[in-house]
Structures are given as C-alpha cells and as structure tokens.
> 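Quick one: the structure is below, questions incoming.
As a basis for the values below, the full set of heavy atoms in this structure was taken, side chains included, without hydrogen atoms, waters or symmetry mates. Both counts, for ligands and for their atoms, begin at 1 and track the order of listing.
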Amino acid sequence: MKPDIELKSSKIYIKNGIISEAGMLIKSEYPDAKVLIVSDYTVAGLYLEALKESLDVSSVPYDTMLFNDGEKTKTLSNIEALCEKAADNEMNRGDVILALGGGVIGDLAGFAAAVFLRGIKFIALPTTLLAQVDSSVGGKTGVNLKQGKNLVGSFYKADHVLIDPETLKTLNDREFQCGMAEVIKYGCIWDDELFARLESLKTRAVVMSQIKSIVKTCCEIKAEIVCQDEYDRSLRMILNFGHTIGHAIENTIGYGEISHGQAVAIGMVKITKGAEKKGLTEVGTAERIEQLLKQFGLATEMEGYDRAKIMRAIVIDKKNIGKHMNLILLKHIGQAEIIIMSSREMEAYL
Ligand code: NAD
Ligand code: GLY
C-alpha cells in the first residue's frame, strides 16, 4: 500500500475503510509481529470487531487492552499497566502497539510504545477529527500529571498512521466541532485557500462529503511544519495558535468542562482581536475567523471569565521561557508569526 504522506520515517495513509486493511498492512510490514491493541470502551464498541476481523484474516496475533474514555486515562499508572501487559505478552522491539481511538488513546499508547523496551513499533488508527488532523501526526506522545496536562512525554512518531475518515461518522457534534477548530486553525496559520474553502462549506454534512481531502490537506500542512521543526523549537510553535489562551481557559474552567477545540476557538479570536488593535494583524481577520467558527457551532467568546486566573495559568504554561512567552499571531489569514513578549504585554490581549 502506498502512503498518501510521508513524514520522515512515518507513513500516513488516508482511506475509507482502511481499518479493514490493517491486518494486511501489518502482515506485510512486520510478518512475525504480535499486536497489542489499545482503545477506549466507546471506540472499542464501535470499531474493535472490524479491526480484530482484519487481524484474524491476516493471521496476525493480538491482545487487547481497553481504558475508560477521557483525559483521566492519560496517567503514568496506565503507562505502567500497558507496559506490564506488553511484558506479559513477551513483546519484543519488532512487535506493535496499535492505538485505536482519539488523541487520549494515541498519546497514551504512543508513549507506552516509546518507553517499553526503549521503543517498539507503533501504529496509530485515529478515530476523532482532532486525532486525524493533528495528534496522530508528528510524534508528540505523553500523559498528564496532577500538576498539569502533557507534562511527561516523548517525541515518538507512529511508524504508520492509518486514517479512516469513515469513522468520523459516529462522532458526536461536540467532538466534531472540536476537530473543526483545529482544521480552521490550519487555514489561519498556513493556508488561506483552505480557509476560504471552509467558508464555503456550510454544514457538517458538506464537510463530510469532502472529508478525505480536507484531512489530507491538514496532515500535509502538519507534516511540512514538523519536517522543518520536529522538536518544537521554532516553526512548530505556530501550531499553538489560539492555544496559549485556550489552554489557560481549559485549565481555569476545568478539563472536560469545556472542550479543547472550544477553548482554542475562543483563544484564536481573542488573540487576533488584540493583535488587530495593535496593528499587528490585518484588520478584518478576527471577524472572518469568528464567522467561520460560528458556522461550525463553536462559540467565540466566553462570559464572566476570571481574567486574573487565566493570566496565572498563562504565566505557568510549560512553553514559557523565563518571564517571556512565545505568542502566535497572524499577519493575515494563512500566515502566522511567532512574537516573544512578556506576560505584562500578554495581559493586554485578554
Ligand atoms: P478523546 O480521545 O478523548 O476522544 C473524545 C471522545 O470521542 C471519547 O469519548 C472517545 O471515546 C470518543 N470517540 C473517539 N472516536 C470516536 C468515533 N469515531 N466515534 C464516536 N466516538 C468516538 O479526544 P480527542 O479530542 O481525540 O483528543 C484529545 C487529546 O489529544 C488530549 O489529551 C490532548 O492533549 C491530545 N492532543 C495531542 C496532540 C499531539 O500532538 N499528541 C495534539 C492535540 C491534542
Ligand atoms: N499539536 C501541536 C503539535 O503537534 O505540535
């Protein structure tokens, strides 16, 4: 099978129904491998049987480990449990951990693959829009600590990313919208044509009619950015457009209380309005972003937030360097830039 995109050693395939070809791909790439499938209960209920059938047809041996849905699953104790399961199965470096699920399962299983035996094969089968356009590509893996999200992790790219856009049909609207915020982000930071195209797609159904090419465009953009800056030292930071304020909102309101995409949507609009006032962003940009987010059911502002708490969360963000932070702004739709500023300057954007 020929990949649609190659990001260094990571091969990305985008195809309806690819879940049923997983066994064939694994057998041809790793003929003697055992597979440990990692998933959550919701996704397993929907797609595990199809995946197992595909592995059975190709005579690929497997075991399965399921977790509860949600952010609380991204813990070090679950990494230990996964590694013990891999050890019980006598897995070696030629064997495969396969993540079937959204970003939570991908981050957890990817980190286990990175640390078990100092690295075994990793295949991602992302099933949310966010995971298909963002988290499964580029190798960020990890878990949370009680002090904050994603504080322990590694860069460990999946050897193969199998994207089956058909799986998005069963996503609820909240999760679909959450993914759309990230899709819109790619238009904002990199691709004005993608942005304009999204403006012309008025409903989820119309987006779904073109989903394969939309997901492919987003993965190509991410692959291009990650290829230039794999370890997040410069260009890759533009993927955090809207995220500085977004993460602070999530952190302040409580993870799960507001969706990540919703928080990022508010962050993208807020930062762009502030930058327009300062003459750093072309006038009218915030208005276009706001309209597009609303088109897909995302709110673009938040009532009655605690500015001081959000500011505190911004100041302790792990991406800060000393008293300075990298803030991502747009020059205009399709072009981002990284501005270094102090937290005092940042406050003006809230
Ligand atoms: P998620 O993995 O929690 O999935 C959201 C919900 O959708 C879950 O309840 C899940 O069971 C359900 N679900 C998944 N696929 C489904 C399907 N096809 N049909 C029906 N339901 C389905 O959430 P997410 O938004 O995919 O990922 C969020 C996580 O991703 C966060 O932990 C975040 O930190 C991480 N993330 C990582 C990166 C990265 O680069 N590694 C980038 C962005 C986000
Ligand atoms: N999701 C941001 C990144 O991969 O860098």
Side-chain angles (χ1 to χ4, degrees), residues 7 19 38-48 50-51 66-75 99-111 114 122 124-144 148-158 161 163-183 185-186 189 211 218-219 221-223 225-244 246-247 250-251 255-256 258-264 318-319 326 328:
L7 167 51
I19 199 163
V38 184
S39 193
D40 69 35
Y41 288 102
T42 300
V43 176
L46 292 163
Y47 300 109
L48 186 57
L51 177 60
L66 302 183
F67 293 91
N68 292 327
D69 301 18
E71 198 57 39
K72 289 201 172 89
T73 281
K74 277 175 52 175
T75 61
L100 172 71
V104 162
I105 290 300
D107 281 9
L108 178 81
F111 188 44
F122 177 45
L125 214 159
T127 59
T128 61
L129 183 54
L130 178 139
Q132 294 189 355
V133 299
D134 186 1
S135 62
S136 65
V137 176
K140 281 190 184 174
T141 70
V143 294
N144 305 326
K149 259 185 74 148
N150 300 327
L151 292 183
V152 179
S154 67
F155 289 98
Y156 197 73
K157 290 194 297 298
V161 183
I163 299 179
D164 188 341
E166 293 244 307
T167 60
L168 302 179
K169 287 184 181 158
T170 51
L171 271 189
N172 65 28
D173 284 337
R174 184 182 195 255
E175 297 304 338
F176 190 80
Q177 286 162 354
C178 191
M180 280 309 294
E182 301 290 349
V183 173
K185 179 194 77 181
Y186 285 114
I189 60 169
I211 194 69
C218 295
C219 290
I221 296 170
K222 182 147 186 195
I225 293 170
V226 172
C227 211
Q228 289 186 43
D229 174 27
E230 192 164 352
Y231 299 109
D232 213 4
R233 295 189 181 118
S234 51
L235 181 69
R236 187 166 181 167
M237 290 180 201
I238 69 173
L239 292 168
N240 287 325
F241 174 57
H243 284 58
T244 301
H247 279 153
E250 280 183 280
N251 188 296
Y255 291 102
I258 180 168
S259 79
H260 173 72
Q262 180 54 86
V264 168
K318 69 176 182 300
K319 294 191 182 73
N326 294 303
I328 314 308

> Which residue and non-hydrogen atom of the protein lie closest to atom 15 (N) of ligand 1, and at what distance in Å?
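For atom 15 (N) of ligand 1, the nearest protein heavy atom comes out as Thr127 OG1, 2.8 Å.
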
> Can you see which heavy atom on Phe122 is nearest to which on Ala99, and at what distance?
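Of all heavy-atom pairs spanning Phe122 and Ala99, the closest is CE1-CB, 3.8 Å.
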
> Do Gln177 and Gln262 come within less than 4.5 Å of each other through their side chains, counting heavy atoms only?
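Sidechains of Gln262 and Gln177: no contact.
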
> Any non-hydrogen atom of Lys222 lying under 4.0 Å from ligand 2?
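Heavy atoms of Lys222 do come under 4.0 Å of ligand 2.
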
> Would you check, one step at a time, whether the test side-chain contact (heavy atoms from CB on, under 4.5 Å) holds for Ile211 with Leu129?
CA-CA 10 Å; Ile211 194 69; Leu129 183 54; 4.2 Å; yes

> Any heavy atom of Lys74 closer to ligand 1 than 4.0 angstrom?
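Yes; Lys74 lies near enough to ligand 1 that a heavy-atom distance drops under 4.0 Å.
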
> Is Asp40 reaching over with its side chain to a backbone N or O of Val43, donor-acceptor style, under 3.5 angstrom?
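Judged by distance alone, yes, a pair lies under 3.5 Å.
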
> Pick one of side chain, backbone, both or neither for how Leu171 approaches ligand 1, counting any non-hydrogen atom pair under 4.0 Å.
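Both backbone and side chain of Leu171 come within 4.0 Å of ligand 1.
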
> Once you round to the nearest 0.5 Å, how far does CZ of Phe155 lie from OG1 of Thr141?
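That separation rounds to 9.0 Å.
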
> Could you check whether Thr170 and Tyr47, counting side-chain N and O atoms only, form a donor-acceptor pair closer than 3.5 Å?
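Side chains of Tyr47 and Thr170: pair found under 3.5 Å.
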
> Tell me which protein heavy atom sits closest to atom 9 (O) of ligand 1, plus the residue, atom name and distance to 0.1 Å.
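Result: Asp69 OD2, 2.9 Å.
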
> With respect to atom 43 (C) of ligand 1, which of Asp134, Thr170, Leu168 exhibits the smallest heavy-atom separation?
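Shortest heavy-atom distance from atom 43 (C) of ligand 1: Asp134.
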
> With heavy atoms only and a cut-off of under 4.0 Å, state how Val226 meets ligand 2: side chain, backbone, both or neither.
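None of Val226 does.
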
> Quick check: closest heavy atoms across Ser136 and Pro126, and the distance to 0.1 Å?
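Minimum heavy-atom separation between Ser136 and Pro126: OG-CG, 3.6 Å.
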
> Quick one: CG on Leu66 to CG on Leu48, what's the gap to the nearest 0.5 Å?
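That separation rounds to 6.5 Å.
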
> Just to be sure I read this right, does ligand 1 sit under 4.0 Å from the backbone of Glu71, its side chain, both, or neither, counting only heavy atoms?
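For Glu71, only side-chain atoms sit under 4.0 Å from ligand 1.
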
> Considering non-hydrogen atoms only, spot the tightest contact between Cys219 and Val137 and give its length.
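Smallest interatomic distance, heavy atoms only, reads SG-CG2, 4.0 Å.
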
> What residue and atom, counting heavy atoms only, is the protein's closest point to atom 35 (C) of ligand 1, and at what distance?
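Of the protein heavy atoms, Asp107 OD2, 3.3 Å lies nearest.
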
> Nearest protein heavy atom to atom 44 (C) of ligand 1, by residue and atom, and its distance?
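Here the closest protein heavy atom is Leu130 CD2, 3.6 Å.
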
> N/O of Asp232 under 3.5 Å from N/O of ligand 2, yes or no?
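No, no N or O pair falls under 3.5 Å.
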
> Checking the N or O distance criterion of under 3.5 Å, is ligand 2 in contact with Asn240?
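Asn240 vs ligand 2: no N/O contact under 3.5 Å.
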
> Any idea which part of Lys140 is under 4.0 Å from ligand 1, heavy-atom wise: side chain, backbone, both or neither?
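Contact part for Lys140 vs ligand 1: both backbone and side chain.
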
> Which residue and non-hydrogen atom of the protein lie closest to atom 38 (C) of ligand 1, and at what distance in Å?
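Result for atom 38 (C) of ligand 1: Ser135 CB, 3.2 Å.
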
> Ignoring hydrogens, just give me the one of Lys222, His260, Lys149 whose non-hydrogen atom is nearest atom 33 (C) of ligand 1.
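The nearest heavy atom belongs to Lys149.
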
> Identify the heavy atoms of Cys178 and Leu130 that sit nearest to each other, and give their distance.
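Heavy-atom minimum between the residues: SG-CD1, 4.4 Å.
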
> Which atoms of ligand 1 are found less than 4.0 Å from any heavy atom of Thr167?
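That gives atoms 17 (C), 18 (N) of ligand 1.
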
> Is Asn172 in polar range of ligand 1, meaning some N or O pair under 3.5 Å apart?
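Min N/O separation from ligand 1 is not below 3.5 Å for Asn172.
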
> Identify the two heavy atoms, one from Ala114 and one from Tyr156, that lie closest to each other, and give their separation to 0.1 Å.
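Shortest heavy-atom contact: CB-CG, 3.4 Å.
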
> Which of these, Asn144, Asp107, Val143, sits in a side chain to side chain contact (heavy atoms under 4.5 Å, CB included) with Glu71?
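Per the side chain to side chain contact (heavy atoms under 4.5 Å, CB included) rule, the option paired with Glu71 is Asn144, out of Asn144, Asp107, Val143.
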
> Are any of the heavy atoms in Tyr41 under 4.0 Å away from ligand 1?
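Outside the 4.0 Å threshold, so no.
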
> Can you confirm, on distance only, whether ligand 1 has an N/O atom lying under 3.5 Å from any N/O atom belonging to Val43?
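No, there is no polar N/O contact under 3.5 Å.
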
> Tell me whether Arg236 reaches ligand 1 (any heavy atom closer than 4.0 angstrom to a ligand atom).
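Contact absent.
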
> Considering only the protein, which heavy-atom contact is closest to atom 24 (P) of ligand 1, and what is its distance?
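For this ligand atom, the closest protein heavy atom is Gly103 N, 3.5 Å.
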
> Starting from atom 7 (O) of ligand 1, find the nearest protein heavy-atom neighbour and note its residue, name and distance.
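Protein heavy atom at minimum distance: Glu175 CG, 3.8 Å.
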
> If you take all heavy atoms of Ile258 and Glu250, which pair is closest and at what distance?
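In terms of heavy atoms, the two residues are closest at CG2-CA, 4.1 Å.
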
> Provide the number and element of each atom of ligand 1 under 4.0 Å from a heavy atom of Thr128.
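Listed by number with element: 4 (O), 14 (C), 15 (N), 24 (P), 26 (O).
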
> What I'd like to find out is whether the side chain of Leu171 reaches to under 4.5 Å of the side chain of Thr128, using heavy atoms alone.
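A side-chain contact exists here, since the closest heavy-atom pair is under 4.5 Å.
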
> Taking 4.0 angstrom as the limit and counting only heavy atoms of Asp40, give me the atoms of ligand 1 inside it, by number and element.
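Near Asp40, meaning under 4.0 Å from one of its heavy atoms, ligand 1 has 10 (C), 11 (O).
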
> Does only the side chain of Thr141 get under 4.0 Å from ligand 1, or the backbone, or both, or neither? Count heavy atoms.
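No part of Thr141 is near ligand 1 at this cut-off.
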
> Hey, does Tyr231 have a side-chain heavy atom less than 4.5 Å from the side chain of Arg236?
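Heavy-atom side-chain distance check fails, nothing below 4.5 Å.
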
> Which atoms from ligand 1 have a heavy atom of Tyr47 less than 4.0 Å away?
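Within the 4.0 Å cut-off of Tyr47, ligand 1 contributes 18 (N).
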
> Between the side chain of Ser39 and the main-chain N/O of Gly101, is any donor-acceptor distance below 3.5 Å?
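No; judged by distance alone, with no hydrogens or angles, the pair does not exist.
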
> Looking only at N/O atoms, are Leu46 and ligand 1 under 3.5 Å apart anywhere?
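Among all N and O atoms of Leu46, none is under 3.5 Å from an N or O of ligand 1.
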
> Does Thr127 reach the main-chain N or O of Thr167 with its side chain, forming a donor-acceptor pair under 3.5 Å?
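Checked: no pair found.
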
> Of all the non-hydrogen atoms in the protein, which one sits nearest to atom 3 (O) of ligand 1, and at what distance?
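Ranked first by proximity to atom 3 (O) of ligand 1 is Val104 CG2, 3.3 Å.
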
> Relative to atom 1 (N) of ligand 2, which among Leu239, Asn150, Asp134 owns the nearest non-hydrogen atom?
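Looking at heavy atoms only, the winner is Asp134.
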
